[in-house]
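The structure appears right after this line, and notes come after that.
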Amino acid sequence: MNCLICGSVTPLWEKARILKKYDISYYQCPHCGFVQTEKPYWLDEAYADIIDAEDIGILARNNDNTLLVSRLLSAFFPQTRTFLDVGGGYGIFVRLMRDQGFDFQWYDKYTQNLFARGFEQNRTHYDVVTAFELFEHYDAPLDEIRRIAELGDAVIFSTLLLPDPVPKPNEWWYYSTSTGQHISFYTKRALVHCAELIGRHYVGSNGVHIFSRQRIPYWKFRLCISRLGRLLVRNRRQSLLAQDYERLTGEKI
């Protein structure tokens, strides 16, 4: 099997049981460190429920992402005006970001938009695209990353990086063997390689990452996402809540 990121020959690394019924193989790239499963034949079953019942942190995660992305946009992309959340789920994040004053739109191929109705994708290009908890689901990651990058000048996304040393599937919760939905796992080297292939600069930490046309100094990025950054970086935009209500109802608040 070849690495889905850099194309190197990738040997068998480990085996594990997923969905409590399928014994599958994991492969680790010796060049970029990317870990991938064998060809995932079980995805239809894994996605019988798009939002898995185990995802009890969905609201807390969206609240945290809203505060974090507001800071990142204010610090590094202050002049941006158009935003798209890819894989937007129920639309919670889009609604929260609009409440923060950012003109976000929603796109998700598989999930019903419940909270951002009326603000679905209507453009082909945006200043910034966000993609939370998607990269680990891709069975053709480079194709998907290129597609997302074509939608915006910058991509802010989340995925947990593989620890060093790399844990086995039964030693790290992020493999998500009980759901079978996580099939691609990245190192920093792998993400840097992705950035080079799409003509962007990479900066990131363990959980949140940016592909951008401009180079963002790592120390500024780390400061922005730190506790001190919460105090130093402020969002100056006005909420779109009243404007959105008038747009949807024709009435003013």
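Basis for what follows: all heavy atoms, side chains included, without hydrogens, waters or symmetry-related copies. Keep in mind it's a predicted model, so treat the numbers as computed, not measured.
A donor-acceptor pair shorter than 3.5 Å can be found between the side chains of Y22 and E45. Judged by distance alone, the side chains of Q105 and Y126 do bring a donor and an acceptor atom under 3.5 Å apart. Inspection of the H182 and Y174 side chains reveals no N or O donor paired with an N or O acceptor under 3.5 Å. A donor-acceptor pair shorter than 3.5 Å cannot be found between the side chains of Q181 and S176. Judged by distance alone, the side chains of D85 and T130 do bring a donor and an acceptor atom under 3.5 Å apart.
Under the 4.5 Å side-chain heavy-atom criterion for Ile, Leu, Val, Met, Phe, Trp and Tyr, F34 and Y26 are members of distinct hydrophobic clusters. The hydrophobic clustering, which links ILVMFWY residues whose side-chain heavy atoms are closer than 4.5 Å, places V233 and V208 apart. No chain of hydrophobic side-chain contacts below 4.5 Å, direct or via other Ile, Leu, Val, Met, Phe, Trp or Tyr residues, connects L67 to L232. One hydrophobic cluster holds both L43 and L19 under the rule that ILVMFWY side chains link at heavy-atom gaps under 4.5 Å. A continuous path of hydrophobic side-chain contacts links I198 to I148 [ILVMFWY only; heavy atoms under 4.5 Å].
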Practice item. Take M97 and F83 through the side-chain contact (heavy atoms from CB on, under 4.5 Å) test and state the conclusion after the steps. Key: CA-CA 10 Å; M97 289 303 295; F83 312 92; over 6 Å; no
- Item | Evaluation steps, side-chain contact (heavy atoms from CB on, under 4.5 Å), between F115 and V94 | CA-CA 8 Å; F115 296 101; V94 169; over 6 Å; no
Audit row: L96, N63, side-chain contact (heavy atoms from CB on, under 4.5 Å) steps and yes/no:
CA-CA 8 Å; L96 290 172; N63 282 326; 3.7 Å; yes
*Between D108 and N113, does a side-chain contact (heavy atoms from CB on, under 4.5 Å) hold up when you go through it step by step?*
CA-CA 8 Å; D108 195 306; N113 178 12; over 6 Å; no
Between Y186 and H209, is the side-chain hydrogen bond (donor to acceptor under 3.5 Å, both in side chains) condition met? List the steps.
CA-CA 12 Å; Y186 304 78; H209 318 270; over 6 Å; no
* To do: Please test Q36 against S184 for side-chain hydrogen bond (donor to acceptor under 3.5 Å, both in side chains), starting from the C-alpha separation and ending with a verdict.
  => CA-CA 5 Å; Q36 63 199 59; S184 294; over 6 Å; no
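Taking D23 as the reference, R17 meet the side chain to side chain donor-acceptor pair (under 3.5 Å) condition, with sequence neighbours excluded.
Of the possible donor and acceptor atoms, none in the side chain of D139 sits under 3.5 Å from a partner among the backbone N and O of P40. A donor-acceptor pair is defined here as one N or O able to donate and one able to accept, closer than 3.5 Å; no such pair exists between the side chain of Y202 and the backbone of R189. Of the possible donor and acceptor atoms, none in the side chain of W42 sits under 3.5 Å from a partner among the backbone N and O of K21. In terms of modelled atom types and a separation under 3.5 Å, the side chain of E150 and the main chain of T124 share no donor-acceptor contact.
L240 has its side chain out of reach of F102: every pair of non-hydrogen atoms, C-beta onward, lies at least 4.5 Å apart. Looking at heavy atoms from C-beta onward, Q121 lies in side-chain contact with L151 at the 4.5 angstrom threshold. Using a 4.5 Å heavy-atom cutoff, the side chains of N170 and E14 are not in contact.
From F132, atom CZ reaches atom OG1 of T159 across 12.0 Å, with rounding to the nearest 0.5 Å. Here K39 contributes atom NZ and I183 contributes atom CD1; the two are 8.0 Å apart, rounded to the nearest 0.5 Å. Residue C224 holds its SG atom at 6.0 Å from CZ of R71, rounded to the nearest 0.5 Å. Put simply, CD1 on I210 and CG on L191 are 12.5 Å apart, with the number rounded to the nearest 0.5 Å.
Considering all non-hydrogen atoms of both residues, S74 and P78 come closest at O-CB, 3.7 Å.
Within a 6.0 Å radius of CZ in R81, other residues, nucleotides and ligands contribute more than 12 heavy atoms. A 6.0 Å sphere centred on CD of Q238 holds no more than 12 heavy atoms belonging to other residues, nucleotides or ligands. Under a cut-off of 6.0 angstrom, the local environment of CG in N122 is crowded, with over 12 non-hydrogen atoms contributed by other residues, nucleotides or ligands.
In this pair, H193 and H31 present their aromatic rings perpendicular. The plane angle is above 60°, beyond the 30 to 60° band. Ring geometry, F104 versus F93: the interplanar angle exceeds 60°, so the pair is classed perpendicular (tilted spans 30 to 60°).
A salt bridge links R98 with D103: at least one charged nitrogen is closer than 4.0 Å to a carboxylate oxygen. In summary, D244 and R95 engage in a salt bridge, as defined by a charged side-chain N under 4.0 Å from a carboxylate O. A salt bridge links E144 to R147: at least one charged side-chain nitrogen sits closer than 4.0 Å to a carboxylate oxygen.
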